[in-house]
Number of protein chains: 2
Amino acid sequence: MESRRTRQQDAIEAVLADAGRPMSVQEVFSAAAATVPGIGLSTVYRTIRKLAEQGEIAAVAVPGQPDRYELAHVAATHHHHFHCTACDRVFDIRGCVGGLDRLLPSGFELHGHELTLVGACDHCSGT
Amino acid sequence: MESRRTRQQDAIEAVLADAGRPMSVQEVFSAAAATVPGIGLSTVYRTIRKLAEQGEIAAVAVPGQPDRYELAHVAATHHHHFHCTACDRVFDIRGCVGGLDRLLPSGFELHGHELTLVGACDHCSGT
DNA sequence: ATAGTTATTGAGAATTGTTGTCATTGTGGT
DNA sequence: ACCACAATGACAACAATTCTCAATAACTAT
């Protein structure tokens with residue numbers, strides 16, 4: 001055999017699929033524990049790392065915080081992120097910026113890009 | 001007194017000023033040790049954290065890696081970053097994208113943004 | 001179904017990155 | 001030159017992640 005499907009893996013992928021926003025390992029762990037009580041943190045780390053290596057999920061970095069992860073097919077539907085500095089949550093945003101090639105120094109090869117808007121979300125803004 | 005200027009702090013700020021690209025704490029530590037032998041890693045962490053809190057330097061996040069830091073006056077000269085996935089270095093890129101407001105969901109407040117291009121640098125690209 | 005093989009798990013040890021503690025040092029005011 | 005105390009450096013403590021390994025459970029072939 002090469003690979004075995006398990007309850008744990010299904011739960012983790014389901015959590016990421018239902019999330020709608022990038023989640024930290026801890027968040028995935030908590031959510032997955034609801035479906036599979038007693039699931040180990042190691043398993044969540046292991047599975048997320050494997051999925052990331054296989055390109056099934058993408059990592060989203062926020063300064064001073066652990067990475068968040070989201071399904072790659074979501075990431076592929078080109079979009080970006082909004083980081084609320086008040087509640088520290090990250091939201092997905094649709095739409096994209098163009099004309100990035102003109103920013104590229106010569107000799108550099110562009111494979112992708114990541115845009116993060118920073119501010120306050122609807123819940124946290126005074127508005 | 002409120003604050004005392006020291007050799008260590010000067011060295012750390014000098015390193016960041018001369019760098020020309022965002023540097024990790026370890027990189028700053030190594031570079032500063034050339035000027036101030038025996039400088040402590042704690043001091044570098046402490047100083048960088050203080051500078052970040054004061055807004056003198058800005059943190060740049062890269063998935064799966066420790067944050068990098070760069071002088072805020074550089075960050076203020078609006079620019080963005082290029083992350084070479086081959087050598088894992090981060091470069092500053094001049095220029096900026098506009099029209100971000102149209103990406104913003106209603107109720108959200110935009111304070112800033114961070115764009116990271118991903119690919120291979122001139123040194124690592126096959127070109 | 002049943003049993004055998006082995007990929008996967010969960011618990012905890014080990015690593016790595018970062019912050020906290022505290023006696024000692026050295027800056028800046030007098 | 002002296003003094004008060006902010007800053008340092010060594011190391012402990014903590015946090016996030018990876019590694020290790022015996023026990024478990026998914027798949028295969030009977």
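Below, chains carry the letters A, B, ... as their sequence lines are ordered, and counting in each starts from 1.
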message = At under 4.0 Å between heavy atoms, how does the protein contact nucleotides 15-25 of chain D? Give one character per nucleotide, 5' to 3', with B, S or -.
response = -SBBBB----B
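- Between Leu41(A) and Gln26(A) the shortest heavy-atom distance is CD2-NE2, 3.8 Å.
- Atom CZ in Arg5(B) sits about 15 Å away from atom C1' in dT8(D), given to the nearest Å.
- Between Thr6(B) and the phosphate of dG26(C), there is no side-chain N or O to OP1/OP2 separation shorter than 4.0 Å.
- Rounded to 10°, the helix from dA1(C)-dT30(D) to dT30(C)-dA1(D) has 40° between the axis fitted to its first five pairs and the one fitted to its last five.
- Between Gly119(B) and His111(A) the shortest heavy-atom distance is CA-ND1, 3.4 Å.
- For Ala17(B) against Leu71(B), the heavy-atom pair with the smallest separation is CA-CD1, 3.6 Å.
- Residue Gln9(B) has no polar side-chain atom (N or O) positioned under 4.0 Å from OP1 or OP2 of dA6(D).
- Using a 4.0 Å cut-off between charged side-chain N and carboxylate O, Glu27(A) and Arg89(A) make no salt bridge.
- For the pair Lys50(B) NZ and dA6(D) P, the computed distance is 13 Å after rounding to whole Å.
- Two residues are said to be in side-chain contact when any heavy atoms from C-beta on lie closer than 4.5 Å; Gln8(A) and Thr47(A) fail this criterion.
- Following rounding to the nearest Å, Gln65(A) (CD) and dG17(C) (P) show an atom-to-atom distance of 19 Å.
- His113(A) places a side-chain heavy atom less than 4.5 Å from the side chain of His80(A).
- As a whole-Å value, the separation of Ile39(A) CD1 from dT8(C) P is 14 Å.
- Side-chain heavy-atom separations under 4.5 angstrom define the hydrophobic clusters, and the remaining members of the one that includes Val62(A) are Val90(A).
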